[in-house]
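All remarks here apply to the structure that follows.
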There are 2 protein chains.
Amino acid sequence: MRSLADRKRQLVRDELSEAALKLLAYQGFEETTIEQIAAAAGVSKRTFFRYFAAKEDVLIEMLSELADAIRAGLATRPASESPAEALRAVFQIPIDEFTTGHPDPAKSLRLARLVLGTPAVRARYLDRQHQLRTEVAGLLAARTGEPYRASVQAAIGFAAYEAAVERWAAADGAEDLGELVDQAFAQASLALA
Amino acid sequence: MRSLADRKRQLVRDELSEAALKLLAYQGFEETTIEQIAAAAGVSKRTFFRYFAAKEDVLIEMLSELADAIRAGLATRPASESPAEALRAVFQIPIDEFTTGHPDPAKSLRLARLVLGTPAVRARYLDRQHQLRTEVAGLLAARTGEPYRASVQAAIGFAAYEAAVERWAAADGAEDLGELVDQAFAQASLALA
DNA sequence: CCTTAGTTGACACTCAGTGCCATGCGAGGC
DNA sequence: GCCTCGCATGGCACTGAGTGTCAACTAAGG
């Protein structure tokens with residue numbers, strides 16, 4: 001069982017996340033100050049920075065569990081699988097989270113649109129994905145023993161996934177994300193063999 | 001002929017770029033203030049911001065001519081070419097610039113390593129590439145009439161190119177960039193058909 | 001010579017982000 | 001039950017990015 005202090009900490013963190021998402025979505029990213037977010041969560045500006053290193057991170061870190069899950073998922077995939085199969089399988093994790101996840105699908109979509117529509121946040125997000133891609137490349141290289149080939153495969157796999165997510169967000173969730181990823185991978189998998 | 005004022009402006013801009021590249025490469029990005037860069041170029045901090053919107057942009061904008069060239073190059077490619085051929089062809093522009101370009105190859109490499117090695121700059125760079133990728137997708141869509149397919153193709157093409165450049169920078173330029181891109185495209189082109 | 005447009009420096013200001021220190025509070029030892 | 005010890009917090013001061021404003025200067029053209 002987690003200690004009281006730990007649960008308190010999680011509470012403050014959730015409070016900050018929720019306040020931030022609400023304010024940022026309503027007023028826009030640039031127009032919202034950290035003091036506003038902190039005040040809305042009932043803490044000081046200084047405390048905000050004890051939970052998040054930067055304003056962008058309040059949004060980005062909501063997605064970091066997904067990155068962890070992808071890393072972990074790929075590590076436990078059978079080595080007999082091709083890179084294409086393994087990648088397609090682990091990308092199912094964020095898909096499920098976005099479309100049928102706990103925090104409710106509409107919230108996921110709002111977050112996605114906010115992240116992809118705000119230059120400063122998008123830049124940070126792309127950098128995170130880039131980092132994740134590098135790690136995934138490492139995992140693939142460990143399977144095949146061909147580092148460069150693996151990094152190209154990882155790059156292509158992420159490219160397909162990203163194209164699908166952007167299309168999904170741009171269409172306001174009207175199209176099925178799983179299908180979009182399937183289509184993208186159908187195209188990409190020729191290069192992932 | 002450009003007016004005196006225009007040439008003066010270009011002079012200041014070059015002065016700022018050069019001072020920035022030198023200082024940032026030596027001291028690191030975070031450790032260098034804009035006032036230092038401005039002072040080294042002989043202007044005030046306020047003037048710096050009249051030339052570049054942010055500290056990252058001094059480095060990023062050195063690459064923006066390449067983005068323009070890629071856009072322009074793709075627009076003038078024969079419509080008979082496949083997306084794979086057209087993409088491979090326009091990516092030759094930055095390759096030539098990096099390996100045999102005017103400002104000398106070593107400088108290109110230093111810039112590449114600085115951009116890719118500094119989180120804040122890398123994030124901005126990835127965002128620029130992302131934007132370019134979107135525009136390229138639009139141009140491809142205009143050829144084929146299949147927007148989603150085109151955006152996946154653009155994403156994959158850029159992924160291959162990026163993987164090659166990163167490998168090139170990581171290897172300190174020891175490997176031939178053109179060959180790396182060829183290898184990556186050999187893999188990717190299956191998906192670009 | 002005079003006017004106009006564009007460039008610059010100086011100053012003041014907001015806001016992001018960090019370091020430091022004092023205070024408060026829960027947990028466990030005595 | 002008291003007393004520390006550790007940790008979270010708030011407040012404060014400070015640096016640096018980035019912006020608005022204004023006055024001074026300068027090239028260009030009538």
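Chain identifiers are assigned alphabetically (A, B, ...) following the order of the sequence lines, protein sequences preceding nucleic acid strands; residue numbering begins at 1 within each chain. Source: prediction; values computed, not measured.
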Value in whole Å for how far the C1' atom of D:dT26 lies from CZ of B:R9: 15 Å
D:dG10 phosphate, OP1 or OP2, under 4.0 Å from A:T47 side-chain N/O: yes
Geometric class of the A:F158/A:Y161 ring pair [parallel <30°, tilted 30-60°, perpendicular >60°]: perpendicular
Under 4.0 Å protein heavy-atom contacts per nucleotide of nucleotides 12-20 of chain C, with B for base, S for backbone only and - for none: ---SSBBBB
Contact under 4.0 Å: A:Y51 side-chain N or O vs D:dA8 OP1/OP2: no
B:F91 and B:F185 aromatic ring geometry - parallel, tilted or perpendicular at 30°/60° bounds: perpendicular
Whole-Å gap separating P (D:dC25) and NZ (B:K8): 14 Å
Pair B:Q10-B:D6, side-chain donor/acceptor within less than 3.5 Å: no
Side-chain heavy-atom pair A:R149, A:T144 within 4.5 angstrom cut-off: no
A:L16 CG - D:dT9 C1' separation (whole Å): 12 Å
Worked verdict on A:V58 versus A:L21 for side-chain contact (heavy atoms from CB on, under 4.5 Å): CA-CA 8 Å; A:V58 197; A:L21 186 53; over 6 Å; no
d(CG, A:L11; P, D:dT9) in whole Å: 10 Å
Distance in Å, B:Q92 CD paired with B:D182 CG, rounded so as to fall on 0.5 Å steps: 7.5 Å
Protein-nucleotide distance (A:Q10, atom CD; D:dA8, atom C1'), rounded to Å: 15 Å
Salt bridge (Lys or Arg N to Asp or Glu O under 4.0 Å) evaluation trace for A:R124 with B:D127: CA-CA 9 Å; A:R124 213 66 151 218; B:D127 197 42; over 6 Å; no
Atom pair distance, as rounded to whole Å: CD in B:E31 and P in D:dG16: 12 Å
Please list every donor-acceptor pair under 3.5 Å in which a side-chain atom of residues 129-137 of chain A meets a protein atom from a residue at least two apart or in another chain.
from	atom 1	to	atom 2	distance (Å)
A:Q129	NE2	A:E162	OE2	2.8
A:H130	NE2	B:E166	OE1	3.3
A:H130	NE2	B:E166	OE2	2.9
A:R133	NH2	B:E166	OE1	2.8
A:R133	NH2	B:E166	OE2	3.2
A:T134	OG1	A:H130	O	2.9
A:E135	OE1	A:R71	NH1	2.6
A:E135	OE2	A:R71	NH1	3.4

Salt bridge present between A:R13 and A:E61 (N-O < 4.0 angstrom): yes
Angle between terminal axes - the helix from C:dC1-D:dG30 to C:dC30-D:dG1, 5 pairs each end, rounded to 10°: 0°
